[in-house]
Amino acid sequence: MFTRTPLHFDLAQRDRALATGGIGVVHELAKQVGLFESIDRRVHVLKAHKPYHESDHALNFAYSALCGGQTIEDLELLRKNEAYLDLLGAQRIPDPTTAGDFCRRFTIDAVAELQAAINESRLRVWARQPEAFFAKATIDFDGTYVATDGERREGVDINYKGEWSYHPLVASLANTREPLEIENRRGNRPSHEGAAEMADRTIALVRKAGFRSVLLRGDTAFSQSQHLDRWHEDGVEFIFGYAANTPLVMQAANLPNASWTPLKRKKRGSGSELQRSPRENHRKAIVEERGYKNLRLEREDVAEMRYQPSACSREFRMVVLKKTIEVRRGQLELEPETVFFFYITNRDADSPSAVVLQANQRCNQENLLAQLKGGVHSLRAPVDTLVANWAYMVMTAIAWSLKAWLALVLPTKGRWSERREEERDRVLKMEFRTFLNWMIRIPAQVLRTGRRTVVRFLAGRHCSQRCFAVRTPCARCAADDDRAEALRERTDEPRRTRRTRRSEVDWTIRPCRLAAEDELVPALRHTHLRSPAIRIRLFEG
């Protein structure tokens, strides 16, 4: 119950705080994986860096999305937040007008270099993963429409729905739901345009990362038969939907009954839900009462046959899915309908049912596209040219990649390895809004003490404690690292003794000579001690 106890309000002495303290962890992660350096080294669209670099602009869009921004104008709120600037160690950040002008400076080659720079950091994140992570890379392809009401945007066109829009193509890694590449196109372009070239680039990327096999997936628009022979000879697996043309339908209809087997799908819901008594279907009652035509899936069967596309020099495996649909009009049962779906693949070891279920999992990319549209707000067209909007999409989509990288770098080894793996998978599958509420929107104070910037979380959430798992060493430990590395190779790691105080460290130095003072000081900096109570044992040869 609510109480009527009077509240006393006070102002903290150190009042610089922000509601999105988790952005500091993401900023540290971006520095760990070298995202700033990769962008500055490969992308050159500014004639002079006064004062911003290309990485400042690119990460400015991503951080705005991570702080809940939806438009370019939301950058104005961040650039006036002193705590946000202190956390990033910046005196100022680009305003919306400067950010929009930066997008207009891009060319097609510059956007390609930007995506290559992002993929360089992506490779560094993947390199931290265990060996089982590189078993197979599943790459999905799909196009989506970005509608716009602007009349002066270059590159917009009318799509088949009658809308003025762009038609970006997205390639994503199904293992981690990361967008590997985005290509913006005119609204009237077909879905498969440019998909083969994008597939070749993503195949080279995942093979460079160390994936042992590659699987390409796409709907009927991406079954480009002129490239199937080349991918098969290169050892690339694929499962593509295939258009149900008249010869294929006739061939499938003439298959013998013995070649068809029922397709068993996993039942929806958990075990507890399946045990409940079913509720009344109100929609079905209304349809029957008003005599509407009602279609209901009765059964699914699968079969396979050999098929050689006209542009291929060999036969491939064609898996056929036959759906028998019950047709009713009111209480009357009409003649059932039969619909065929086709999937072309070079995976001969899988059963027909496994091929169909694997192909249906590609629909999970629709969830990724929905998150990029409504969560990250990256698939939008706020600028006035096709390439500028393309650059905006790529830079803002970095926010989703940082979310996936944050999950991948979380430690999973140790006593609670199973629980940590579940936590990592949970963060990978999180919607963007949920991720912001759990990992980013953590109230924090930003303190500037000495030469350090301290981010003090003000909420005792479990997720805020896990944020410490991805933080980098402090700046004092990074200083004199080259000189201290030689000494650390000859010394043992510091170990705490039970009978000493917490501030005391038993440090053992095992070189055959006494360590010089200039060699000892950098090593002591790595003890993270605020007290000088340190015991050093010197061993002579």
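Any value given below was found using the heavy atoms of this structure, including those in side chains, with hydrogens, waters and symmetry copies removed.
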Quiz question: by atom type and distance under 3.5 Å, do the side chains of Arg153 and Asn389 form a donor-acceptor pair?
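Distance-only check fails for Arg153 and Asn389.
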
Under 3.5 Å, is there a donor-acceptor pair between the Arg424 and Thr412 side chains?
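There is no such pair (donor and acceptor under 3.5 Å, judged by atom type) between the side chains of Arg424 and Thr412.
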
Those residues that, when tested against [X], pass salt bridge (Lys or Arg N to Asp or Glu O under 4.0 Å) (two or more places apart):
X	answer
Lys323	Glu300
Asp301	Arg299
Asp229	none
Glu181	Arg201

Identify, with sequence neighbours excluded, every residue that meets ring pair (Phe, Tyr, Trp, His ring centres under 6.0 Å) alongside Trp164.
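For Trp164 there are no ring pair (Phe, Tyr, Trp, His ring centres under 6.0 Å) partners, ignoring immediate neighbours.
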
Name all residues meeting the ring pair (Phe, Tyr, Trp, His ring centres under 6.0 Å) criterion together with Tyr307; count only those two or more places apart in sequence or in a different chain, and write none if there are none.
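Partners of Tyr307 under the ring pair (Phe, Tyr, Trp, His ring centres under 6.0 Å) test: Tyr242.
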
Quick one: salt bridge (Lys or Arg N to Asp or Glu O under 4.0 Å) pairs with a partner in residues 159-168, sequence neighbours left out?
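Applying salt bridge (Lys or Arg N to Asp or Glu O under 4.0 Å) to every pair that reaches into residues 159-168, excluding sequence neighbours, yields nothing.
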
Please list all pairs meeting salt bridge (Lys or Arg N to Asp or Glu O under 4.0 Å) that have one or both residues in residues 107-122, counting only residues at least two apart or in different chains.
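Counting only pairs at least two positions apart or across chains, the salt bridge (Lys or Arg N to Asp or Glu O under 4.0 Å) contacts touching residues 107-122 are Arg41-Glu120, Arg42-Glu113, Arg42-Glu120, Arg122-Glu178.
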
Can you name the closest pair of heavy atoms from Ser191 and His167 and give their distance?
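Looking at all heavy atoms of both residues, the closest pair is OG-CE1, 3.5 Å.
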
Side chains of residues 61-70: which donor-acceptor pairs under 3.5 Å do they make with residues two or more places apart or in other chains?
{"unit_1": "Tyr63", "atom_1": "OH", "unit_2": "His27", "atom_2": "ND1", "d": "2.9"}

Check the orientation of Trp126 and Phe211. Use parallel for under 30°, tilted for 30 to 60°, and perpendicular for over 60°.
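The rings of Trp126 and Phe211 stand perpendicular, inter-plane angle above 60°.
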
What donor-acceptor contacts under 3.5 angstrom involve side-chain atoms of residues 251-258, with partners at least two apart or in another chain?
{"unit_1": "Asn254", "atom_1": "ND2", "unit_2": "Met250", "atom_2": "O", "d": "3.0"}

Between the side chain of Asp140 and the main-chain N/O of Ala174, is any donor-acceptor distance below 3.5 Å?
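Here the side-chain-to-backbone pair does not exist.
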
With no hydrogens and no angle check, is any side-chain donor or acceptor of Arg217 less than 3.5 Å from a backbone partner on Gln358?
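Answer holds: yes.
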
For Arg306, side-chain contact (heavy atoms from CB on, under 4.5 Å) partners two or more places apart:
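In terms of side-chain contact (heavy atoms from CB on, under 4.5 Å), with neighbours along the sequence ignored, Arg306 is linked to Glu315, Arg317, Asp348.
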
Give every residue pair that meets the side chain to side chain donor-acceptor pair (under 3.5 Å) criterion with at least one member in residues 365-378, sequence neighbours excluded.
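The answer is Thr144-Lys373, Ser172-Gln365, Asn364-Asn367, His377-Arg380.
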
Contact check, side chains of Phe133 and Thr176, non-hydrogen atoms, under 4.5 Å
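Result yes, sub-4.5 Å side-chain heavy-atom pair found.
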
Got a sec: does the CZ of Arg433 have more than 12 other heavy atoms crowding it under 6.0 Å?
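No, CZ of Arg433 has 12 or fewer neighbouring heavy atoms, counting only those of other groups under 6.0 Å.
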
